[in-house]
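Structure first, commentary second.
FYI, side chains are in, hydrogens and waters are out, and symmetry mates aren't considered; it's all heavy atoms of this structure. Small disclaimer: the values here were computed from a predicted structure and weren't measured.
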Amino acid sequence: MELQLLISAVNADPAALIRKMNIRSDAVLVNQCGKVSYEELSTEGYTVRVFSFDEKGVGLSRNNALMRADRDICLFSDEDIVYADDYRTKVLDAFEKHPDADMILFNVDVCEARRTYHIDHEHRVGRHNCGRYAAYSMALRTKVMHDKNVHFSLLFGGGAKYSNGEDSLFILDCLRAGMKIVAVPVTIGAEEERESTWFSGYHEKFFFDRGVLYEHLYGRLAKVLSLRFLLAHRKVMCREIPVSKAYRLMCEGLKEARAR
């Protein structure tokens with residue numbers, strides 16, 4: 001088996017980015033940078049195919065990379081991830097251990113303020129626990145992804161109408177397509193701290209967008225789970241906007257999603 005990183009970047013210097021990320025596998029790099037071009041770069045004996053596009057949106061970037069993936073296993077990545085020297089071996093070993101898994105989720109070390117998940121034991125991922133994993137945790141069997149024709153939503157994520165959630169929706173679509181997903185307590189790299197491309201505070205748009213996302217994720221359970229979400233995180237998220245208003249905003253988002 002061979003591994004291929006699928007990297008989403010904005011206005012990057014491809015050669016410098018490859019060195020910084022410690023890339024030691026084949027890769028597809030989608031660089032949203034205001035021009036259209038193609039080049040191939042070499043690193044550690046591997047090939048990085050660089051596609052530059054005059055466009056924006058992380059979902060579009062990941063879809064462009066996914067449709068060009070041509071190795072056995074693909075691993076989504078962002079430009080702020082620095083990989084461990086042995087990440088390729090760790091990922092491929094996990095797929096050897098789990099021959100029936102279509103997707104495997106891995107740990108990437110992230111500062112506590114930005115951490116949405118941490119895998120401390122091996123487990124199966126289903127609809128009840130799929131809403132917290134970042135795209136950079138996801139490695140997949142490329143042929144399965146192409147056969148199932150699953151892709152990232154263009155409505156959610158950086159550069160889209162709604163601020164985040166494209167990764168959770170992607171996992172949900174994979175589950176709906178019948179894919180088996182496993183999470184393993186294996187760390188493959190670390191995220192460099194930087195300013196978020198989508199998060200700008202717990203303001204009205206944050207809660208409204210989260211309501212739209214919850215309707216797509218949970219359907220009839222969205223209202224109940226919206227309230228549970230707010231109560232669980234009220235000490236952090238509801239310091240300026242009270243829980244009651246935040247809940248109203250999430251419900252407005254639910255209504256918008258249902259009207260689409």
message = I need the minimum non-hydrogen distance between Phe152 and Asp167, along with the two atoms involved.
response = CE2-CA, 4.1 Å

ask   = Heavy atoms, side chains only, cut-off 4.5 Å: are Asn64 and Glu55 in contact?
value = yes

message = Hydrophobic clusters here meaning ILVMFWY residues chained together by side-chain heavy-atom distances under 4.5 Å, can you tell me if Met67 and Met103 are in one?
response = no

inquiry  = In the structure I gave you, are the side-chain heavy atoms of Asp102 and Leu140 within less than 4.5 Å of one another anywhere?
reply    = no

inquiry  = Tell me the closest heavy-atom pair linking Glu191 and Val110, and the distance in Å.
reply    = OE1-CG1, 3.1 Å

inquiry  = For the backbone of Thr187 and the side chain of Lys90, can you confirm whether one donor and one acceptor N or O come within less than 3.5 Å of each other?
reply    = yes

task = Give a yes or no on whether a salt bridge exists between Asp70 and Arg49, defined as a side-chain N under 4.0 angstrom from a carboxylate O.
result = yes

request  = Give the ring-plane orientation class for Tyr214 versus Tyr218, where under 30° counts as parallel, over 60° as perpendicular and anything between as tilted.
outcome  = perpendicular

message = Before you tell me yes or no, could you show the steps for Met145 and Cys174 under side-chain contact (heavy atoms from CB on, under 4.5 Å), namely the whole-Å CA-CA distance, both residues' side-chain angles and the distance that decides it to 0.1 Å?
response = CA-CA 8 Å; Met145 293 304 306; Cys174 290; 4.2 Å; yes

query = Which residue, Asp93, Leu92, Val91, forms the side chain to side chain contact (heavy atoms under 4.5 Å, CB included) with Met1?
reply = Leu92

request  = Determine the minimum heavy-atom distance between Gln4 and Ala69, stating which atoms define it.
outcome  = OE1-CA, 3.2 Å

task = Please determine if Glu44 and Arg88 form a salt bridge, counting it only when a charged side-chain N lies under 4.0 Å from a carboxylate O.
result = no

key: Whether Tyr87 side chain and Arg24 backbone form a donor-acceptor pair below 3.5 Å   = yes

inquiry  = When you measure from the side chain of Asn63 to the backbone of His151, do you find a donor-acceptor pair of N or O atoms at a distance under 3.5 Å?
reply    = no

request  = May I ask you to check whether over 12 heavy atoms, not counting those of Arg228, lie within 6.0 Å of atom CZ?
outcome  = no

inquiry  = Please determine whether a side-chain nitrogen of the Lys or Arg among Lys20 and Glu79 lies less than 4.0 Å from a carboxylate oxygen of the Asp or Glu.
reply    = no

request  = Before giving the answer on side-chain contact (heavy atoms from CB on, under 4.5 Å), spell out for Met138 and Leu105 the whole-Å C-alpha distance, their side-chain angles and the decisive distance to 0.1 Å.
outcome  = CA-CA 5 Å; Met138 305 174 193; Leu105 306 178; 3.6 Å; yes

ask   = Judged by atom type as modelled, is there a donor-acceptor pair below 3.5 Å linking the side chain of Asp26 to the main-chain atoms of Tyr46?
value = no

ask   = Closest heavy-atom contact between Gly126 and Leu175?
value = C-CD1, 3.5 Å

task = Under the side-chain contact (heavy atoms from CB on, under 4.5 Å) rule, what do Glu215 and Lys255 come out as? Steps first, then yes or no, please.
result = CA-CA 8 Å; Glu215 175 62 26; Lys255 291 179 182 177; over 6 Å; no

ask   = Are Val236 and Val243 in one and the same hydrophobic cluster, where Ile, Leu, Val, Met, Phe, Trp and Tyr link if side-chain heavy atoms are under 4.5 Å apart?
value = yes

message = Side chains of Asp120 and Pro185, heavy atoms from C-beta outward: is any pair under 4.5 Å?
response = no

query = Taking the side chain as C-beta and beyond, is there a heavy-atom pair between Leu3 and Arg71 under 4.5 Å?
reply = no

inquiry  = What I want to check is whether the side chains of Tyr83 and Ser77 have a donor and an acceptor closer together than 3.5 Å.
reply    = yes

remark   = Closest heavy-atom pair, Cys130 versus Ile171, reported as atoms and distance to 0.1 Å, is CB-CG2, 3.6 Å

inquiry  = Do Leu29 and Ile23 make a side-chain contact, defined as non-hydrogen atoms from C-beta onward lying under 4.5 Å apart?
reply    = no

ask   = With a 4.5 Å limit on heavy-atom distance, are the side chains of His233 and Tyr202 in contact?
value = no

task = Give a yes or no answer on whether the side chain of Asn129 reaches the backbone of Val125 with a donor-acceptor pair at less than 3.5 Å.
result = no

message = Using the rule that Ile, Leu, Val, Met, Phe, Trp and Tyr join whenever any side-chain heavy atoms are under 4.5 Å apart, tell me whether Leu5 and Val186 fall into a single cluster.
response = yes

In one Ile/Leu/Val/Met/Phe/Trp/Tyr side-chain cluster, 4.5 Å: Met179, Ile119 = yes

inquiry  = Run Tyr162 and Glu256 through side-chain contact (heavy atoms from CB on, under 4.5 Å) and show every step you take.
reply    = CA-CA 12 Å; Tyr162 304 113; Glu256 176 162 308; 2.4 Å; yes

ask   = Parallel, tilted or perpendicular: which describes the rings of Phe51 and Tyr38, with under 30° parallel and over 60° perpendicular?
value = tilted

ask   = Can you tell me if Glu240 uses its side chain to pair, donor with acceptor, with the backbone of His203 under 3.5 Å?
value = no

task = State yes or no: do Val58 and Phe170 share one hydrophobic cluster built from I, L, V, M, F, W and Y residues joined by side-chain heavy-atom distances below 4.5 Å, directly or via other members?
result = no

ask   = Hey, are the side chains of Val212 and Leu155 touching, using non-hydrogen atoms and a 4.5 Å cut-off?
value = no

task = For atom NZ of Lys205, decide whether the heavy atoms of other residues, nucleotides or ligands shown that lie under 6.0 angstrom number more than 12.
result = yes

task = Determine the minimum heavy-atom distance between Ala135 and Phe76, stating which atoms define it.
result = O-CB, 3.3 Å

message = Could you check whether Arg62 pairs with Asp78 (Lys NZ or Arg NE/NH1/NH2 to Asp/Glu carboxylate O, under 4.0 Å)?
response = yes

message = Tell me whether Arg141 contacts the main-chain N or O of Ala101 through its side chain, where contact means a donor paired with an acceptor under 3.5 Å.
response = yes

ask   = Is it true that a side-chain atom of His146 and a backbone atom of Leu66 form a donor plus acceptor pair closer than 3.5 Å?
value = yes

inquiry  = If you define the side chain from C-beta out and look only at heavy atoms, does anything of Lys245 sit under 4.5 Å from Phe207?
reply    = no

